[in-house]
Structure formats: structure tokens, C-alpha cells
Amino acid sequence: QKLPATRNPAFSTNEKQTSFDDATHYNNFYEFGTDKADPAANAHTLKTRPWTVQIEGEVKKPQTIDLDRLVKLAPLEERIYRLRCVEGWSMVIPWVGYSLSSLIRQVEPTSNAKYIEFTSLADRSQMPGVKSRVLEWPYVEGLRMDEAMHPLTLLTVGMYGQVLPNQNGAPVRIVVPWKYGFKSAKSIVKIRFLREQPRTAWNGIAPDEYGFYSNVNPNVDHPRWSQATERRIGEGGLFTPKRKTLLFNGYNEVASLYTGMDLKKLY
Amino acid sequence: MAFNPTPTQFKALKAVLFMLALLPFLRMAWLTAAGVPVDPVEFLTHGSGDWALYLLCATLAVTPLRRLTGWNWLVRLRRMVGLFTFFYAFMHFMTFLWFDHFFDVAAMWKDVLKRPFITVGFAAFVLLIPLAATSTNGMIKRLGRNWARLHKVIYAIAPLAILHYWWMKAGKHNFEQPIVWGSIVGVLLLLRVWWSLSRPRTEKRVTTASVRS
């Protein structure tokens with residue numbers, strides 16, 4: 001299903017895009033299974049309509065937004081972002097959406113809102129992976145308010161000029177391109193504004209391995225592997241050397257959000 | 001129960017087993033050459049590691065199976081299964097050294113020393129080398145009694161391999177498979193403990209000798 005959008009070159013890379021096939025058949029979406037081929041095989045059971053997103057917490061206008069209204073809330077843009085997975089691979093994907101800040105401004109957070117929390121759908125009848133105990137369900141992710149308000153943070157409803165495929169987090173997800181992929185919550189049903197830092201999925205069960213910030217950082221290793229390099233999916237084959245991973249995944253414009261922070265401690 | 005293959009049947013059986021054990025390698029090579037796996041390095045790393053573990057368990061299962069069924073000829077298939085274990089372990093290591101580190105040995109050592117899950121996996125692989133190297137008839141004769149002693153190292157390799165797998169999966173809190181294979185290795189090793197405790201001393205010497213046959 002086509003989803004027209006205007007490319008925003010200011011927020012797009014010219015790098016070669018990952019093929020649609022690879023981007024839709026190599027996914028981490030544990031609600032549909034832990035193997036990266038599972039989401040493509042299992043996500044057809046996800047019902048993306050009707051769909052609503054509940055907005056609550058420290059906001060002046062708490063509300064439940066219907067998907068159709070959400071999609072039309074701001075003009076849709078296409079942005080070609082690098083995606084870096086914490087596992088050490090990367091892709092280049094043309095997303096369709098608009099800055100999350102457009103939504104945030106409309107619901108008017110109170111001055112108490114310091115963090116934003118995204119909750120993904122966790123429905124056993126539609127998501128076979130939810131019965132596994134790999135993670136605590138529902139999947140929860142979060143950002144600091146200034147990160148959420150950064151224009152790069154994309155409320156995403158499509159990719160490759162189409163409506164988001166189920167396995168990529170349909171019907172609505174977040175894309176935060178300077179953080180490891182797991183920070184970008186998929187299939188969102190609830191957005192909460194909070195005073196305190198939320199307990200997020202991976203950070204909650206393994207804080208030594210997955211920080212709350214989880215900014216892409218070649219200088220901070222995962223305990224089990226180095227983050228200095230990455231394999232670009234679809235770029236050559238076995239014999240293609242790995243790429244150097246860039247700080248903030250190359251999105252240096254976010255550096256000012258973290259001035260004065262020790263990124264080795266607050267990884 | 002007393003199935004005893006004729007020499008021809010045994011040869012056929014061995015040939016079939018050889019092909020079966022080679023099949024995963026052929027499949028991986030074929031799919032990789034055809035460009036099917038989205039991430040070929042991950043595909044080969046996981047595939048070779050999985051099959052090294054499966055065949056390690058098969059090797060360890062020979063003695064219990066032999067004891068339970070009385071099929072003593074099974075032991076004559078063990079060397080081949082053991083060598084296939086080494087083959088897949090070698091492939092696993094080479095994928096790591098070649099396609100993950102591009103023969104940057106310094107970077108490889110940094111990984112081996114810094115990351116416990118790689119340390120134990122590397123140790124398991126290194127310990128397999130003398131076992132593979134002493135698998136020839138000549139070496140078995142030359143080493144005599146020490147051959148069986150040396151090959152008991154497999155009892156250390158198996159838990160190291162499980163620990164490697166466990167810690168690797170711990171990164172994603174996905175313990176389903178490590179529990180399954182850890183239990184299998186556990187049962188295979190505990191059977192030996194049980195048998196060695198419940199067996200009189202004299203009989204023990206006889207079976208140790210027959211292991212070499």
C-alpha cells in the first residue's frame with residue numbers, strides 16, 4: 001500500500017539503500033520470535049486496524065488518537081536514515097513519517113514532563129513471541145524529553161514509500177537514528193510523559209549491557225562484542241571488510257544534547 | 001537387540017553417516033554462495049557453531065548408546081563423528097578469524113582475552129586440536145594407554161562449549177536452546193559418572209581398554 005511523502009534531503013543520507021527485501025526479512029521484533037527471520041514469517045497475524053495510541057501522563061491534553069488522525073497530524077516526509085543495530089550490523093532505510101516533536105507540541109506536555117515512554121502492543125493472540133520469557137512484556141522504550149523533541153526523532157508510519165510492513169513495527173513506530181535500533185519502539189499503543197526515567201525493556205533486564213541512552217558509540221563496547229565496526233547488510237558478501245561505526249551513528253547534530261555527560265558511564 | 005552389521009552393511013552405514021554429517025556444510029556453502037542469507041557472517045557463525053555442538057553431543061552419545069543397546073560396533077563410527085565435530089568447530093573459528101576479524105590476529109586476541117564467552121569458546125576449540133591430531137591409528141598405537149587419558153579432555157570441552165553457548169545467548173536472554181543442549185550434555189556426562197561409580201574396579205579396566213578398539 002503506497003504512502004506518498006516528500007523527501008526531506010536535510011535529514012537524508014545519500015548512501016546506498018538496503019534492499020526492501022533485506023530490510024523486511026532481517027528483523028529483531030521479539031514479539032514475533034527471537035530469530036531474525038521470525039517477524040517476516042509470523043507478523044501477518046498482527047491486526048493494524050483499528051489502531052489507537054493512548055497519550056497520557058504529564059500532558060495538558062491526554063487523549064486517545066486514532067491511527068488515521070495520527071497519520072494526518074503533520075505532513076509526511078521521507079527520510080533516509082542509517083540504522084545501527086546493537087548486534088553490530090547496519091542498514092540504510094527510507095522511512096516515512098514526521099518529527100515526533102509535531103505530535104508532542106499538540107498534546108502539550110506539562111513542565112514536569114522530563115521523559116517520554118513508548119509502550120508496544122503485547123497481545124498473545126496476535127504475537128506468538130509474547131509467550132516467551134525472553135523479555136518482560138509489554139516492550140517499553142523511552143527517551144529524555146530533549147531527545148524526543150529533536151527533529152531527527154521520527155514518528156514513523158511507512159518505509160520505502162509504503163505503509164510500514166507488520167514486521168517493521170506497523171502501524172506506528174519511532175525511529176531514533178543516532179541510537180541502537182532497539183531504542184526505536186515498534187507497534188506503539190501508548191505514549192506516556194513522565195517525571196522520572198522509565199524502566200525500559202533491555203535496560204531493565206540487563207543494565208550492564210544495554211544502557212538507557214544506548215547512543216551508537218564505537219568507543220563503548222558491549223560486554224560481549226566490540227562496537228567499533230559494523231557490517232552493512234547487503235554490502236558485498238563475506239569478503240567485504242566491516243565499516244567503522246561512527247559516534248552517534250554519524251548524526252553529529254545531536255552531540256549538543258549530551259554535553260557534559262560522560263558517555264562511557266551513561267552509555 | 002543384537003543387531004550386528006556385516007562388513008558391507010557397516011561400510012554403507014558409515015558412508016551414509018559421512019554424507020549426513022557433511023550435509024550441513026554443503027547447505028551452508030551453497031546458500032552462502034547463492035547469496036541467500038541476509039547476513040552471511042552471522043549465518044555461518046551460528047550454523048557452524050550449532051553443528052559443532054550437535055556432533056559433539058553425538059560423539060558423547062556413542063558410549064551410552066553402546067552400553068544401552070549392546071551395539072558395540074557403534075564405537076567404530078565414533079572417530080568420524082568426532083572429526084566432524086572438529087571440522088565444524090574449525091569452521092566456526094575460521095569464520096570468526098577470517099570474516100569477522102579479517103585475519104587481524106591482534107584484534108582476535110583482544111577479543112579472546114577480553115570477552116569471557118569467546119575465551120571459553122576458544123579454549124574449547126584449542127583443546128579439540130590434540131584430540132583431532134591423535135585420531136589416526138598410528139597415534140592410537142603410539143600413545144597406548146595415554147590415548148584414552150588424553151581423550152578424556154572431551155569431558156572438559158563439552159561443558160566449555162555449553163558455557164560458550166550460554167553466555168553468547170545471555171546477551172539476548174534467550175536461554176531456551178542452551179538449556180536443551182546443556183541438559184543433553186549433562187545427562188551424557190552424568191551417565192558416565194554413574195557408571196564409573198557403580199562399576200567394580202576390575203571391570204573398569206577392561207572397558208577402558210576396549211574403548212580404544
Side-chain angles (χ1 to χ4, degrees), chain A residues 18-28 30 33-40 85-91 129 131-137 180 182 201-210 221-243, chain B residues 28-50 91 94-104 106-122 163-180:
Chain A
T18 305
S19 75
F20 178 77
D21 202 47
D22 283 352
T24 53
H25 287 84
Y26 194 72
N27 310 101
N28 280 318
Y30 279 20
T34 52
D35 192 277
K36 279 189 269 293
D38 287 342
C85 177
V86 72
E87 295 169 344
W89 50 269
S90 62
M91 295 185 180
K131 63 178 181 291
S132 95
R133 288 187 301 179
V134 179
L135 283 170
E136 291 163 11
W137 310 107
Y180 294 121
F182 70 88
W202 285 106
N203 181 235
I205 58 163
D208 312 342
E209 303 180 23
Y210 308 98
D221 285 356
H222 184 275
R224 250 173 289 270
W225 56 85
S226 158
Q227 295 289 27
T229 59
E230 65 199 49
R231 275 194 303 277
R232 182 63 56 83
I233 296 298
E235 184 178 65
L238 276 181
F239 305 99
T240 313
K242 296 204 270 188
R243 287 169 168 261
Chain B
M28 280 186 264
W30 171 258
L31 289 176
T32 304
V36 174
V38 176
D39 185 344
V41 181
E42 186 202 42
F43 174 72
L44 292 180
T45 306
H46 289 179
S48 56
D50 287 349
M91 181 180 164
M94 281 309 291
T95 310
F96 167 69
L97 179 60
W98 189 350
F99 304 123
D100 204 30
H101 286 300
F102 289 90
F103 293 111
D104 185 342
M108 183 206 82
W109 275 112
K110 244 175 84 186
D111 251 9
V112 168
L113 297 174
K114 192 174 172 187
R115 305 178 206 289
F117 99 99
I118 298 181
T119 315
V120 296
F122 185 75
L163 191 59
H164 172 65
Y165 195 34
W166 189 280
W167 278 346
M168 191 273 285
K169 289 284 191 184
K172 286 302 190 88
H173 285 255
N174 194 1
F175 293 114
E176 205 176 288
Q177 288 296 310
I179 287 172
V180 169

Problem - Value rounded to 0.5 Å, distance of CG in B:Asp100 from CZ in A:Arg231 - result: 5.5 Å
Handout entry: Under 4.5 Å from a heavy atom of chain A, the part of B:Thr32 involved
Key = side chain
Handout entry: Separation between CZ of A:Phe239 and CH2 of B:Trp98, rounded to the nearest 0.5 Å
Key = 5.0 Å
Practice task
Can you measure from NE2 (B:His173) to CD (A:Glu136) and round to the nearest 0.5 angstrom?
Solution key: 9.5 Å
Exercise for the section: Count the heavy-atom pairs under 4.5 Å between each of A:Asp21, A:Leu135, A:Asp22, A:Asp221 and chain B, then report the option with the highest count. Expected result: A:Asp221
Problem - Straight-line distance of A:Thr34 OG1 to B:Lys169 NZ, nearest 0.5 Å - result: 6.5 Å
Practice task
Could you list the residues that satisfy side-chain hydrogen bond (donor to acceptor under 3.5 Å, both in side chains) with A:Arg133, not counting sequence neighbours?
Solution key: none
Handout entry: Part of B:Ala170 lying under 4.5 Å from any heavy atom of chain A
Key = both
Problem - Separation between CD of B:Glu42 and OH of A:Tyr26, rounded to the nearest 0.5 Å - result: 3.5 Å
Practice task
Enter the distance from A:Thr229:OG1 to B:His101:NE2 here, rounded to the nearest 0.5 Å.
Solution key: 8.5 Å
Practice task
Among A:Glu209, A:His25, A:Lys242, single out the residue with the greatest number of heavy-atom pairs under 4.5 Å to chain B.
Solution key: A:Lys242
Problem - Contacting moiety of B:Trp167, where chain A heavy atoms sit under 4.5 Å - result: both
Practice task
Output yes when a side-chain donor or acceptor of B:Arg115 lies under 3.5 Å from a complementary backbone atom of A:His222, and no otherwise.
Solution key: yes
Exercise for the section: With a 4.5 Å cut-off on heavy-atom pairs, point out which of B:Val41, B:Asp39, B:Asn174 contacts chain A the most. Expected result: B:Asp39
Exercise for the section: Please flag which part of B:Glu176 lies under 4.5 Å from any non-hydrogen atom of chain A: side chain, backbone, both or neither. Expected result: neither
